[in-house]
Protein chains: 2
Amino acid sequence: MTIADRKPVHNDRAPEDRAQIIREHFRNAIIERRLAPGTKLSESEVGGLFDVSRTVVRSALQMLALEGLVRSERNRGAFVATPSPEEARQIFAARRLVEPGMAASACDRVEPADIAALRRHLRSEASLMAERGPSARRAEIRASGEFHLLLASVAGNDILYRFLEELTARSSLVIALYGRSGASSCGHDEHEGIVVALEAGDARRAAKLMLQHIDHIEADLDLRLTEGLPLSEALHLP
Amino acid sequence: MTIADRKPVHNDRAPEDRAQIIREHFRNAIIERRLAPGTKLSESEVGGLFDVSRTVVRSALQMLALEGLVRSERNRGAFVATPSPEEARQIFAARRLVEPGMAASACDRVEPADIAALRRHLRSEASLMAERGPSARRAEIRASGEFHLLLASVAGNDILYRFLEELTARSSLVIALYGRSGASSCGHDEHEGIVVALEAGDARRAAKLMLQHIDHIEADLDLRLTEGLPLSEALHLP
DNA sequence: ACAGCGAAGATTGAATACAATCTCTGCTAA
DNA sequence: TTAGCAGAGATTGTATTCAATCTTCGCTGT
């Protein structure tokens, strides 16, 4: 695809931080839905896969658990998280609270180079949408989330960036579980609208569009499922 | 003090989670400023103190590092974080973005029992302010942050609650480093105003008061210091 | 046939052992 | 005197070992 995609999993960081590297591998796998919610992550197995001891794996899994991508149960192991509908609602409520303001803040600080980067990203998203095949779909899902992170980096607040990293990753899980449509095509046009507002320096409009965008993503979910039904109803028994 | 303070460090949780317990001890120590920014946290020493192996300590320190309360440098150890002025600005920018909306959200969901709990907390803050001595000061600092967490719990969003836990704790560090005044007396009246707005169901006003409150806290900081001065200027050499 | 129990195997939790890196002290030499 | 270096000690990073818990499978008895 475009030049912007030349990004090896870990690039500029020292070859140390092995736990961090494992963490990012899992992050990516979860975001791109190569790992289904609920998948068991055995310490020995992961350790064998990356050729490290369980010590390092545990460290990575703990980080993932703290960002909500992994649920770890004592003496039972770690699993890819399966957010409940309530959790899903909270994730999007948090995004509604944070992202519009962040978009507005980005609007105040945006520079031509940022606009260029954002447009590059939009083109990358568009070309992925045109492609066929599951690999392109995965890349598209990921790119869609990365747009929001790109915006966060324009806003220039590392703390919010980290928080949004967590929220977008967890959103991926939520969409995998409760998404209704193709779940990916939904956002691209709206992303473009936001960039336009940014370029025009219209913070108010950028915030409004971002809010709508998040609403649209959430509207595509079906959060009624598995709401803790009384089981009799869940099974459609007469 | 009041009844609301009967809260042993770890209460209802199972006696397991020893790393978690250590983490909370440190959280509290840092929030109450019994541990100064920059303090070295040696794994062996902490392990000896809590009578656990370094394995458990490392786990606790990793959690603290992820929430930004501890900075850990490879092969050098872990230290109580010393937020830079820039980091401080970002922390408060994040709070300005999140807390007003959260206060409004709390306004929509607040129930009489919540108001009662909030008022109980206000009384507790007031009585701490009346007391003398460093121990009361520490408790006051902590209570001041807990007000914001109480509000977050009324809003009913666990994810935001966690985020705010991190932000208030890091704010404590920032105030310890850059606080100008007594740093504690500042907030109480404003807390009360927010509760009044909540009780009146005036979300708009609650949000506005919260924003002002955060501005006031930040205004009490002196973030000009140690901005990476050229050292010659920092030392006042002629 | 099936519920209940128990031991074997597997998996995680924690402590210890070993390796790698850093820090600090004291020496040497310019 | 001081810069530079070498080595001992201390500290962290990782692997390995041991203990605790859970899961599974098969057995027994009703």
Side-chain angles (χ1 to χ4, degrees), chain A residues 9-27 29-30 35-82 231, chain B residues 9-27 29-30 35-82 231:
Chain A
V9 177
H10 43 278
N11 193 5
D12 48 358
R13 196 174 43 263
E16 298 120 18
D17 303 336
R18 299 197 279 172
Q20 200 75 5
I21 289 170
I22 293 175
R23 167 181 167 235
E24 286 176 25
H25 274 271
F26 274 102
R27 266 186 63 86
I30 291 173
L35 274 176
T39 304
K40 170 87 186 278
L41 306 175
S42 148
E43 295 180 355
S44 322
E45 192 180 345
V46 175
L49 229 48
F50 286 91
D51 196 46
V52 296
S53 78
R54 279 175 47 219
T55 309
V56 178
V57 176
R58 285 176 73 83
S59 170
L61 290 177
Q62 182 181 346
M63 290 191 271
L64 289 162
L66 283 177
E67 26 182 0
L69 295 182
V70 155
R71 157 185 50 96
S72 89
E73 300 178 13
R74 187 181 177 86
N75 282 324
R76 295 206 357 101
F79 307 83
V80 177
T82 60
L231 182 62
Chain B
V9 177
H10 44 279
N11 191 6
D12 47 357
R13 196 175 42 265
E16 298 120 18
D17 305 337
R18 299 197 279 174
Q20 201 74 5
I21 289 170
I22 293 175
R23 166 180 167 235
E24 286 175 25
H25 274 271
F26 275 102
R27 267 186 62 86
I30 291 174
L35 274 175
T39 304
K40 171 87 186 277
L41 306 175
S42 147
E43 295 180 357
S44 322
E45 191 179 347
V46 175
L49 228 47
F50 286 91
D51 197 44
V52 296
S53 77
R54 279 176 46 219
T55 309
V56 178
V57 176
R58 282 179 74 82
S59 171
L61 289 177
Q62 184 180 344
M63 290 191 270
L64 290 162
L66 282 177
E67 29 181 0
L69 295 182
V70 156
R71 157 184 51 96
S72 91
E73 301 178 13
R74 185 178 180 87
N75 283 323
R76 296 205 359 100
F79 308 82
V80 176
T82 60
L231 182 61

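Numbered from 1 within each chain, the chains take letters A, B, ... in sequence-line order.
- With hydrogens and angles ignored, no donor-acceptor pair closer than 3.5 Å exists between the side chain of B:Arg76 and the base of D:dG13.
- Taking the six-membered ring where the residue is Trp, B:Phe50 and B:Phe26 present tilted rings, their angle falling between 30° and 60°.
- Taking atom CG of A:Asp17 as the reference point, atom P of C:dT21 lies 14 Å away to the nearest angstrom.
- Look at B:Arg58 and you'll find a side-chain N or O under 4.0 angstrom from OP1 or OP2 of D:dG13.
- Residue A:Arg18 holds its CZ atom at 8.0 Å from CG of A:Asp51, rounded to the nearest 0.5 Å.
- Distance from the side chain of A:Val56 is smallest for D:dA15 among the nucleotides C:dG13, C:dA15, D:dA15.
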Query - Verdict with supporting geometry, A:Arg23 and A:Asp17, side-chain contact (heavy atoms from CB on, under 4.5 Å) - result: CA-CA 10 Å; A:Arg23 167 181 167 235; A:Asp17 303 336; over 6 Å; no

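- Look at CZ on B:Arg54: it is 11 Å from C1' on C:dA17, rounded to the nearest Å.
- Applying the 3.5 Å distance criterion, the base of C:dA14 shares no donor-acceptor pair with the side chain of B:Ser53.
- Heavy-atom distances under 4.0 Å link DNA chain D to A:Val52 of residues 36-52 of chain A, given in residue order.
- To the nearest angstrom, C1' of D:dT11 lies 10 Å from CZ of B:Phe79.
- In this structure, B:Arg74 atom CZ and D:dT12 atom C1' are separated by 9 Å, rounded to whole Å.
- Separating the CD1 atom in A:Ile30 from the CG atom in A:Leu69 is a distance of 5.0 Å, to the nearest 0.5 Å.
- Partners of A:Glu73 by salt bridge (charged side-chain N to carboxylate O under 4.0 Å, His left out), not counting sequence neighbours, listed by chain and number: A:Arg71, A:Arg76.
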Requested in this report: Test side-chain contact (heavy atoms from CB on, under 4.5 Å) on B:Ser59 and B:Val56 and set out the steps.
Outcome: CA-CA 5 Å; B:Ser59 171; B:Val56 178; 5.5 Å; no

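- Atom CD in A:Gln62 sits about 14 Å away from atom C1' in C:dT12, given to the nearest Å.
- Of the listed nucleotides (D:dA15, D:dT12, C:dA15), D:dT12 has the atom at the smallest distance from the side chain of B:Asn75.
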